[in-house]
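This report refers to the structure that appears directly beneath it.
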Protein chains: 2
Amino acid sequence: MRLLLVEDDIALRDGLQQALTGQGFAVNAISTGQQALAVARAGDCDTVILDLGLPDIDGLSVLKQLRQKWPRMPVLILTARDGIEDRIKGLDYGADDYLVKPFAAPELFARLRVIERRLGTASSHLIRCGEVELDSTSMQVSVADNTVSLSRREYVLLKELMESAGRIKTREQLEASLYSWGEEVASNALEVHISNLRKKLPTDFIRTVRGVGYSISRP
Amino acid sequence: MRLLLVEDDIALRDGLQQALTGQGFAVNAISTGQQALAVARAGDCDTVILDLGLPDIDGLSVLKQLRQKWPRMPVLILTARDGIEDRIKGLDYGADDYLVKPFAAPELFARLRVIERRLGTASSHLIRCGEVELDSTSMQVSVADNTVSLSRREYVLLKELMESAGRIKTREQLEASLYSWGEEVASNALEVHISNLRKKLPTDFIRTVRGVGYSISRP
DNA sequence: TTTGTCCTTAAGATTAATTTAAGTTTGCTA
DNA sequence: TAGCAAACTTAAATTAATCTTAAGGACAAA
């Protein structure tokens with residue numbers, strides 16, 4: 001899943017970006033409402049994490065405009081104030097969930113997973129395709145009940161493919177969910193990961209669709 | 001589906017053309033309003049993707065003229081300006097949908113698929129003709145429940161034929177959906193693909209209509 | 001600092017798809 | 001039915017996409 005993180009506190013932003021990346025999300029982090037609107041307008045993300053205390057535009061107004069353009073894009077708001085007022089307004093304006101700062105990272109992860117599931121991007125914590133089982137809570141994968149250890153990129157790739165089993169994921173889609181902005185890769189990294197992944201999975205589990213991308217058959 | 005992409009920014013045009021081709025669309029890419037009108041007048045496409053910021057003629061005027069000639073041809077407009085005015089005018093002039101630049105490629109794909117479905121050019125998931133079943137989501141084809149593997153050209157060809165089962169597809173139509181401009185083939189590539197396709201399908205599944213083209217019988 | 005894991009690059013190997021070209025067959029028409 | 005054009009088949013040549021491997025760098029844990 002591709003996240004847009006809007007947070008002006010540099011320390012928090014960097015920390016979150018790192019933590020979220022570690023959880024397998026592709027994160028674009030920016031710091032102003034202006035940027036947020038520009039990016040979101042491009043539709044280049046699946047979920048927005050929005051700090052309400054932004055320097056330029058009021059967070060709530062950003063939220064409002066987001067909603068107009070993308071009525072269904074999940075937005076999770078962060079607020080430093082414990083004033084209930086903002087939260088209520090936020091939910092009124094269509095935010096899906098909120099977190100009060102300071103919060104524990106795992107809680108954020110958990111809520112994102114809830115959103116992910118609701119989005120239908122992910123069916124549940126557990127996805128199973130044939131012998132292969134993927135648990136997004138523990139980030140563990142097993143083949144015929146034997147745990148296999150995957151690297152982060154391998155995990156993300158497999159998750160994306162399994163979540164849309166029966167459909168084709170284009171190279172572009174896969175790369176987008178692997179990399180945030182500014183860190184796109186120029187070479188065949190994707191293919192290398194696929195290659196390494198295949199060594200750990202049943203034969204022919206990942207099908208190559210020449211000229212398009214990859215896919216996994218429906219369970 | 002055959003697209004006419006009108007975009008003067010070379011980088012964007014080439015990028016889009018490539019991406020769209022990868023998605024199985026046949027794309028003619030051109031850069032001026034003049035050309036757009038010339039091509040569209042020939043009726044040589046199913047959907048137009050039109051950048052409003054063209055160098056020669058105003059995009060809106062192109063749109064207007066297109067509409068006069070082809071009232072029902074879907075037009076999707078691209079606009080760099082976030083001024084609402086242009087978009088509204090565009091929709092007034094009969095555009096079917098719009099995207100504000102910059103946009104994410106998958107979004108464009110999604111909207112094109114919506115148009116495709118509405119057009120009835122419709123590759124709505126599953127098409128079945130007798131024993132042969134084609135799933136456009138996974139780009140898989142099966143004959144009597146056995147998956148057969150087709151190359152990209154073979155797949156496109158079969159899809160075109162099955163989508164208009166019961167009607168005849170002319171050689172020209174088939175070649176048009178296989179090739180974009182400037183890459184037409186001089187020789188009998190089409191026949192070769194048909195030949196190879198036939199080896200993988202039931203006998204007499206694809207009928208030759210001498211001097212015209214090919215067809216598949218209604219399911 | 002050292003160690004090990006993970007990731008990206010790059011190059012070469014491999015596989016597959018596509019086109020070309022040539023020879024053959026088929027069906028129509030005069 | 002002879003002759004012609006269209007369509008078919010095959011195989012070789014060409015082009016393209018993907019796979020694999022290995023080397024080197026970045027990073028984090030020990």
Side-chain angles (χ1 to χ4, degrees), chain A residues 14-15 17-19 21-24 26 139 141 148-159 161 168-172 174-175 177-180 182-201 203-215, chain B residues 17-19 21-24 26 139-141 147-159 161 168-175 177-180 182-201 203-216:
Chain A
D14 290 355
Q17 173 156 36
Q18 211 174 346
T21 307
Q23 289 287 308
M139 292 178 70
V141 174
V148 295
S149 87
L150 302 184
S151 77
R152 189 155 53 82
R153 301 251 128 123
E154 288 166 1
Y155 172 80
V156 173
L157 225 40
L158 181 61
K159 181 157 164 259
L161 285 169
I168 297 172
K169 278 279 177 186
T170 67
R171 307 167 71 79
E172 290 73 26
L174 292 173
E175 278 173 0
S177 56
L178 228 42
Y179 304 102
S180 309
E183 57 157 5
E184 289 94 352
V185 283
S187 81
N188 62 345
L190 176 63
E191 291 169 20
V192 175
H193 291 308
I194 291 280
S195 173
N196 293 328
L197 205 39
R198 277 177 168 151
K199 289 177 195 154
K200 304 177 182 178
L201 298 173
T203 324
D204 296 330
F205 187 72
I206 300 176
R207 175 173 69 108
T208 302
V209 184
R210 227 153 212 270
V212 186
Y214 299 89
S215 102
Chain B
Q17 172 156 36
Q18 212 175 346
T21 306
Q23 289 285 310
M139 290 177 79
Q140 279 192 321
V141 174
T147 309
V148 296
S149 88
L150 303 184
S151 78
R152 192 125 74 89
R153 302 248 128 118
E154 288 167 0
Y155 173 82
V156 172
L157 225 41
L158 181 61
K159 181 160 164 254
L161 286 170
I168 298 172
K169 277 276 177 188
T170 67
R171 306 168 69 79
E172 289 71 30
Q173 287 173 330
L174 291 173
E175 277 174 0
S177 59
L178 230 40
Y179 305 102
S180 304
E183 56 157 4
E184 288 95 350
V185 282
S187 82
N188 61 344
L190 176 63
E191 291 170 17
V192 175
H193 290 309
I194 291 281
S195 173
N196 292 328
L197 206 39
R198 278 176 168 152
K199 288 177 198 155
K200 303 177 182 177
L201 298 173
T203 324
D204 296 330
F205 186 73
I206 299 177
R207 182 170 63 99
T208 303
V209 185
R210 214 151 215 272
V212 187
Y214 299 89
S215 95
I216 285 177

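Below, chain A is the first sequence line, B the second, and so on; all start at residue 1.
Taking atom CG of residue Leu178(B) and atom C1' of nucleotide dA17(C), one finds them 12 Å apart after rounding to whole Å. Look at NZ on Lys200(A): it is 11 Å from P on dT5(C), rounded to the nearest Å. In this entry the distance linking CG of Leu150(A) with P of dC7(C) reads 10 Å, nearest Å. For Arg152(A) and dC7(C), the CZ to P distance is 6 Å, given to the nearest whole Å. Separating the CG atom of Leu158(B) from the P atom of dA17(C) is a distance of 15 Å, rounded to the nearest angstrom.
First and last contacts of DNA chain D with chain B, using any nucleotide atom under 4.0 Å from a protein heavy atom and ordered 5' to 3', fall at dA6(D) to dT10(D).
Using a 4.0 Å heavy-atom distance criterion, Tyr155(B) is classed as making no nucleic acid contact. Using a 4.0 Å heavy-atom cutoff across all strands shown, Thr208(A) reaches sugar-phosphate atoms only and no base atom.
For the pair Arg153(A) and dT8(C), the criterion of a side-chain N or O lying under 4.0 Å from OP1 or OP2 is met. Listed pair Ser187(A) / dT9(C) meets the phosphate criterion, a side-chain N or O lying under 4.0 Å from OP1 or OP2.
The stretch residues 188-198 of chain A touches DNA chain D through Asn188(A), Glu191(A), Val192(A), Ser195(A), Arg198(A), each having a heavy atom under 4.0 angstrom from the strand.
For Glu154(A), the side-chain hydrogen bond (donor to acceptor under 3.5 Å, both in side chains) partners two or more places apart in sequence, or in a different chain, are Lys200(A).
Between the side chains of Ser149(B) and Arg210(A), no donor-acceptor pair of N or O atoms lies under 3.5 Å.
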